[in-house]
Amino acid sequence: MTTRILTGITTTGTPHLGNYAGAIRPAIVASRAADADSFYFLADYHALIKCDDPARIQRSRLEIAATWLALGLDVDKATFYRQSDIPEIPELCWLLTCVAGKGLLNRAHAYKASVDKNVEAGEDPDAGVTMGLFSYPVLMAADILMFNAQKVPVGRDQIQHVEMARDIGQRFNHLFGKGKDLFVLPEAVIEEEVATLPGLDGRKMSKSYDNTIPLFGTSKQLKEAIARIVTDSRLPGEPKDVDGSHLFTLYQAFASSSQQAEFRAELEAGLAWGEAKNRLYQLLEGELGEARERYNALIARPADLEDILLAGAAKARRIATPFLGELREAVGLRSFREQVQAAGSEKKKAAKSARFVSFRDDDGSFRFRLLDADGEQLLLSKSFADGKSSGMVGKRLQAGEALDVRADGLFFSVWIDGESVASSPEFADAQALEAAIQRLREALAPQD
């Protein structure tokens, strides 16, 4: 059984070596697990809360996307997309905003910190506080709940936001679920073993301290940065304090056990700091050299990156679009055509324990859904240019015409006259897929 894992990457800066060791590398490794269904996204809507420099946000989106792909993220296995390419997320954010308590949001750490800072400075408590900052936890809840993520890896400062997503999702379930849990309640995952690398000065590697080592600078820039690592004054030949050396800590984060043991022994035997820095450079160049070439190639082909991200968005929307339709129905945002069709086919629906719901998309096209007796979506039709065409296909299905059902991964589609006319949502596993196909056949079986 797979576990859905979701992680967002805020697009406000350029990744450095500490980001790689602490977040990117473990996330990519985790995405390769057989039981992982991983969703990684560029949180560019979140970036607007923190940054008002459009050029910086655009550049960061490009650099972060190229970084994850260059370092080995498999977009065929994981779902990799930009938050801003999923229009269902801001719509869900509004649905969740309508049930999120202001008192809950008042307790958000980021908002409270801004208020406390203003009060200390003698300012109005809400000076400079935007609704983006105040509502940040609701948008994060929408990111998580849109895809019903079960696990959300976060730093300790983000645990509260995952807990808020649980609270908001639980309230929505209570108000609109009618006994059914529309949202899975997520769990925060704290990576206790994640590496926190020291920077050039020994403090935590951070852009705010200006002590970072570039991830994908040139080979020369990497060597120059390593040369600036602060060490003690012990001379060549003097034993070094290995456990107190942040140069050794950096080496340790990328070396094998045997390499670590050999490096430790050489430092304790008096290896010069200059040669020790060269050893670290050689290790990191070996780790990052090929990835740097892939990164530079991706940066030089932004159109290719765009295609990859749009493909990831399409993959994500195959889940988000039908699910948002279900949520819209749950809160009462239903098509008026549903009432007409319900009145005209009440007898048939009762016999088949299923119902068709017609609606019109934002682009003006016509579609329909087939819901089973429990209100769970079995099918979402393709778009039709007019209501008559949509209705005709729906009637042919209702009439119990021979079904051509084709499974593809964890989806299935229905074909009429050699053309795909509707497809299912994604199911959790093959067993759930087969059960849904059986329910579909029973619902559309010809009636005596």
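Along the sequence shown, residues are numbered consecutively beginning with 1. All heavy atoms count here, side chains included; hydrogens, waters and symmetry mates do not.
- Remark: the backbone N or O of Gln221 is paired with a side-chain donor or acceptor of Thr218 at under 3.5 angstrom.
- Using cut-offs of 30° and 60° for the angle between ring planes, the Phe176 and Phe172 rings count as tilted.
- Side-chain contact between Ile28 and Tyr40 is absent, with no heavy atoms from C-beta onward closer than 4.5 Å.
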Quick one: do Arg61 and Gln58 satisfy side chain to side chain donor-acceptor pair (under 3.5 Å)? Show the steps, please.
CA-CA 5 Å; Arg61 293 160 92 223; Gln58 178 69 355; 2.7 Å; yes

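- Defined by atom type and a distance below 3.5 Å, a donor-acceptor pair is present between the side-chain atoms of Thr14 and Glu63.
- The stretch residues 288-310 participates, sequence neighbours left out, in these side chain to side chain donor-acceptor pair (under 3.5 Å) pairs: Arg82-Glu306, Glu285-Arg292, Arg301-Asp304.
- Contact check for Gln259 versus Phe254: no side-chain heavy atoms found under the 4.5 Å cut-off.
- Side chain of Ser423 to backbone of Ser413: no donor-acceptor contact under 3.5 angstrom is found.
- A side chain to side chain donor-acceptor pair (under 3.5 Å) check over residues 162-180, counting only residues at least two apart or in different chains, returns the pairs Lys180-Glu326.
- Across all non-hydrogen atoms, the minimal contact from Ala428 to Thr2 is O-OG1, 3.9 Å.
- Formation of a donor-acceptor pair under 3.5 Å by the Arg25 side chain with backbone atoms of Tyr20 is not found in this model.
- Contact detail for Thr11 and Asp44: the closest heavy-atom pair is OG1-CA, 3.4 Å.
- Thr212 has its side chain out of reach of Leu17: every pair of non-hydrogen atoms, C-beta onward, lies at least 4.5 Å apart.
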Side chain to side chain contact (heavy atoms under 4.5 Å, CB included) evaluation trace for Ser114 with Leu133
CA-CA 9 Å; Ser114 294; Leu133 173 64; 3.5 Å; yes

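- In this structure, the side chain of Asp429 engages the main chain of Ala432 through a donor-acceptor pair within 3.5 Å.
- Here OG of Ser335 is found 13.5 Å from CZ of Arg367. Values are rounded to the nearest 0.5 Å.
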For residues 316-325, please give each side-chain donor-acceptor pair under 3.5 Å, one per line with the distance, not counting sequence neighbours.
residue, atom, partner, partner atom, Å
Arg317, NE, Glu88, OE1, 3.1
Arg317, NE, Glu88, OE2, 3.1
Arg317, NH2, Glu88, OE2, 2.7
Thr321, OG1, Glu88, OE2, 2.7
Thr321, OG1, Arg317, O, 3.0

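- Rounding to the nearest 0.5 Å gives a distance of 8.0 Å between OH of Tyr251 and CG of Leu280.
- Of the possible polar contacts, none joining the Lys151 side chain to the Ile5 backbone as a donor-acceptor pair under 3.5 Å is found.
- The distance from the CZ atom of Phe39 to the CZ atom of Phe80 is 13.5 Å, given to the nearest 0.5 Å.
- For Ser390, the side chain to side chain contact (heavy atoms under 4.5 Å, CB included) partners are Phe366, Phe368, Phe384, not counting sequence neighbours.
- Here Leu397 contributes atom CG and Ser381 contributes atom OG; the two are 9.5 Å apart, rounded to the nearest 0.5 Å.
- With sequence neighbours excluded, the residues forming a side chain to side chain contact (heavy atoms under 4.5 Å, CB included) with Lys77 are Asp74, listed by chain and number.
- Counting only heavy atoms from C-beta outward, the side chains of Val152 and Val189 never approach each other to under 4.5 Å.
- Rounded to the nearest 0.5 angstrom, Ile9 CD1 and Thr67 OG1 are separated by 10.0 Å.
- Among residues two or more places apart in sequence or in another chain, the side chain to side chain contact (heavy atoms under 4.5 Å, CB included) test is passed with Thr10 by Thr12, Ala43, Ala47, Lys50.
- In this structure, the side chain to side chain contact (heavy atoms under 4.5 Å, CB included) partners of Leu333, at least two apart in sequence or on a different chain, are Leu95, Arg328, Val331.
- In this structure, His161 contributes its side chain and Ala108 its backbone to no donor-acceptor pair below 3.5 Å.
- Within the 4.5 Å cutoff, no side-chain heavy atoms of Asn19 are placed close to those of Leu215.
- For Tyr81 and Phe147, the distance between ring centers is under 6.0 angstrom.
- Residues passing the side-chain hydrogen bond (donor to acceptor under 3.5 Å, both in side chains) test with Thr249: none are found, sequence neighbours excluded.
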Worked verdict on Asp124 versus Asn118 for side chain to side chain contact (heavy atoms under 4.5 Å, CB included):
CA-CA 6 Å; Asp124 181 278; Asn118 285 334; over 6 Å; no

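- Residue pairs meeting the salt bridge (charged side-chain N to carboxylate O under 4.0 Å, His left out) criterion with at least one member in residues 201-213, sequence neighbours excluded: Asp201-Arg203.
- In this structure, the side chain of Asp372 does not engage the main chain of Leu440 through any donor-acceptor pair within 3.5 Å.
- For Asp35, the CG atom is densely surrounded, since the number of other residues' heavy atoms within 6.0 Å is greater than 12.
- Remark: His46 pairs with Tyr136 by the ring-ring contact (aromatic ring centres under 6.0 Å, His included) rule, at least two apart or across chains.
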Evaluate side chain to side chain contact (heavy atoms under 4.5 Å, CB included) for Phe41 paired with Ile86, printing each intermediate quantity in order.
CA-CA 10 Å; Phe41 67 96; Ile86 314 295; over 6 Å; no

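- Exactly one residue among Leu69, Leu42, Val75 makes a side-chain contact (heavy atoms from CB on, under 4.5 Å) with Leu309. That residue is Leu42.
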Walk me through whether Lys315 and Asp76 qualify under side chain to side chain contact (heavy atoms under 4.5 Å, CB included).
CA-CA 10 Å; Lys315 184 178 176 183; Asp76 290 328; 6.0 Å; no

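- Between the side chain of Asp85 and the main chain of Ala313, no donor-acceptor pair closer than 3.5 Å is present.
- Residues Pro15 and Phe216 form no side-chain contact, since every pair of their non-hydrogen atoms from C-beta on lies 4.5 Å or further apart.
- Side-chain contact between Lys102 and Asn106 is present, with heavy atoms from C-beta onward closer than 4.5 Å.
- Atoms CD and OG, on Glu224 and Ser219 in that order, are 10.0 Å from each other to the nearest 0.5 Å.
- Side-chain contact between Met205 and Leu250: present, with at least one pair of heavy atoms (C-beta onward) separated by less than 4.5 Å.
- Here the side chain of Glu329 pairs no donor or acceptor atom with the backbone of Arg334 at under 3.5 angstrom.
- Under a 3.5 Å cut-off, the side chain of Glu426 and the backbone N or O of Leu410 do not form any donor-acceptor pair.
- Contact detail for Ala36 and Ala30: the closest heavy-atom pair is CB-O, 3.5 Å.
- In this view, Arg360 satisfies the side-chain hydrogen bond (donor to acceptor under 3.5 Å, both in side chains) rule with no residue, not counting sequence neighbours.
- Pairs passing the ring pair (Phe, Tyr, Trp, His ring centres under 6.0 Å) check and including a residue from residues 94-126, sequence neighbours excluded, read Tyr111-Phe134.
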